[in-house]
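So you know, we letter chains A, B, ... as the sequences are listed, proteins then strands, and number each from 1. We use all heavy atoms of the structure for the numbers below, so side chains are in, but hydrogens, waters and symmetry mates are not.
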2 protein chains.
Amino acid sequence: MALIVGELINTSRKAIKPAVENKDAEFIKDLAQKQVDAGANYVDVNCGTMVFNEPEMMAWLVETIQEKVSAPLCIDSPNPKALEVGLSLAKNGQPMVNSITAEKERYSTILPMVLKYKTKIVALCMDDSGMPETAEDRLKIATKLVGDLTAAGVSEGDIYLDPLVKPVSTGDKAGLEVLETIYQIKQKYPNVHGICGLSNISYGLPNRKILNQVFMIQTMTMGMDAYILDPLDKTMMGFVYASTALLGQDQFCMNYLTVHRNGLYE
Amino acid sequence: MALIVGELINTSRKAIKPAVENKDAEFIKDLAQKQVDAGANYVDVNCGTMVFNEPEMMAWLVETIQEKVSAPLCIDSPNPKALEVGLSLAKNGQPMVNSITAEKERYSTILPMVLKYKTKIVALCMDDSGMPETAEDRLKIATKLVGDLTAAGVSEGDIYLDPLVKPVSTGDKAGLEVLETIYQIKQKYPNVHGICGLSNISYGLPNRKILNQVFMIQTMTMGMDAYILDPLDKTMMGFVYASTALLGQDQFCMNYLTVHRNGLYE
């Protein structure tokens with residue numbers, strides 16, 4: 001079964017920003033609990049839009065969420081101070097950091113926290129030369145990231161490579177390059193995980209939901225095994241459970257049947 | 001873009017049987033036209049339940065459908081007499097035969113018609129030892145079928161291998177073995193096509209529609225490029241167009257956008 005990171009607690013979402021600004025603890029706790037109930041293994045925490053007090057808000061969010069749920073958190077920020085505060089307070093099992101890259105400065109700033117808090121780490125296939133185009137470009141960066149991280153003491157099983165998904169509206173092969181990347185990564189590093197969000201792929205096209213759903217299924221077929229998504233989207237979660245069963249990863253389809261009985265997908 | 005064989009004209013379907021028994025020509029013509037309008041490249045014709053007069057009914061169906069549509073037909077029967085009659089009347093471009101197998105008697109009976117009418121041929125991965133279990137079993141039969149058919153003069157591009165889909169409810173790896181088969185076939189024979197129906201995979205499980213949809217997307221990701229399905233199912237067709245675009249087979253997503261504007265999926 002893929003690892004699901006619930007993406008809803010993110011202040012760039014319209015419904016979330018006021019709740020965080022007003023420190024509406026019940027709203028946040030409820031949203032965390034709903035995501036876990038719906039199948040999220042990790043709860044993402046992102047308050048990157050709070051530019052003037054991101055570390056303070058991160059601290060409040062982490063403590064508030066942990067009052068209610070026991071699932072581990074994914075501390076999601078480009079701001080090292082917010083990451084450090086979030087990780088120092090994260091008590092629910094092994095936290096995840098979103099994200100490190102192969103950019104020199106970012107890598108050297110984030111790595112010490114990954115080691116200090118023994119986190120899982122989302123590693124974006126991106127370096128100082130910018131966003132990759134081809135699967136080959138991505139694989140080069142992935143190879144460097146896996147090599148450097150494991151040399152530093154991170155285990156392969158704690159690495160979640162994000163191949164960087166670009167909209168298919170900007171290039172016909174944008175999806176295909178990612179699918180090839182995942183396949184190659186899984187061949188080269190069977191213990192390393194693949195993760196991605198799903199909304200970039202459909203940017204600029206109509207009927208984005210079905211493109212996002214299809215891309216989840218396609219990437220899982222190629223070996224991706226973690227997604228940052230909205231677990232309250234019952235259609236998407238149905239596709240996650242169905243994909244898992246059809247890939248032979250659900251003995252006797254037990255999980256598919258159980259979540260069906262519990263009304264967790266449609 | 002995958003080749004779509006519209007499956008609706010089949011007397012095993014409740015709505016169709018009485019229309020064929022009563023020779024309701026308008027109903028049949030309309031159903032053929034609707035499937036073509038919805039994106040079917042071939043119209044399947046199957047009256048296998050008419051055990052006492054299948055060849056006669058096949059003749060009537062083929063002639064009736066051709067009065068209305070110009071798409072080629074897929075003559076679908078295990079009965080050599082019905083196949084021969086259907087093929088002798090099929091005038092809309094290159095017909096398809098569904099199906100040949102590696103069973104000795106069936107192979108030797110069907111092959112002459114494939115050659116005589118220069119048809120496309122659906123070749124089921126099945127021989128006299130029965131239904132295959134593993135991808136390896138399927139590949140052995142596929143190799144024999146492709147070798148024998150091409151030696152007899154059938155071009156690789158006219159062969160549509162059907163890996164034989166069994167319900168995942170009868171074995172956890174049923175889907176995975178098919179996915180592996182397709183991948184291996186495409187590696188070995190890039191010019192040979194893969195085809196399948198989609199309902200077997202979900203037999204015995206709840207919410208069959210989503211399993212069928214997921215399996216279409218998974219198999220297309222691995223290289224399958226033809227499906228026998230209901231083209232009036234707008235959700236399924238939406239997934240076909242979306243999958244094609246995300247696999248880099250739809251320049252500028254033009255087909256996805258056009259069929260969206262024309263309301264051909266939802």
Run the side-chain contact (heavy atoms from CB on, under 4.5 Å) test on B:Asp172 and A:Asp250 for me, step by step, so that the C-alpha distance in whole Å, both residues' side-chain angles and the decisive distance to 0.1 Å come before the verdict.
CA-CA 7 Å; B:Asp172 293 346; A:Asp250 181 9; over 6 Å; no

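- For a residue to count as touching a neighbouring chain, one of its non-hydrogen atoms must lie under 4.5 Å from one of that chain's; by this rule B:Met222 touches chain A with the side chain only.
- The number of heavy atoms from other shown groups lying within 6.0 Å of CD (B:Glu136) does not exceed 12.
- No part of B:Tyr241 comes within reach of chain A, as not one of its non-hydrogen atoms sits under 4.5 angstrom from that chain.
- Closest approach of A:Ala242 to B:Ile210, counting heavy atoms only: CB-CD1, 3.9 Å.
- Per-residue heavy-atom pair counts under 4.5 Å with chain B were compared for A:Gly175, A:Gly248, A:Pro206, and the maximum is reached by A:Pro206.
- Ring-plane geometry between B:Phe239 and A:Phe239 is classed as perpendicular, the angle between the planes exceeding 60 degrees on a 0 to 90 degree scale with a lower cut at 30.
- Heavy-atom pairs under 4.5 Å with chain A were tallied for B:Val168, B:Thr170, B:Leu247; the largest tally goes to B:Leu247.
- Per-residue counts of heavy-atom pairs under 4.5 Å with chain A were compared for B:Leu176, B:Ile201, B:Leu257; the largest is that of B:Leu176.
- Residue with the most contacts toward chain B among A:Leu205, A:Thr235, A:Leu179: A:Leu205 (heavy-atom pairs, distance under 4.5 Å).
- Of the residues considered (A:Ile217, A:Val214, A:Val178), A:Val214 shows the highest number of contacts with chain B, using heavy-atom pairs under 4.5 Å.
- At a 4.5 Å heavy-atom cutoff, B:Glu177 makes no contact with chain A through either its backbone or its side chain.
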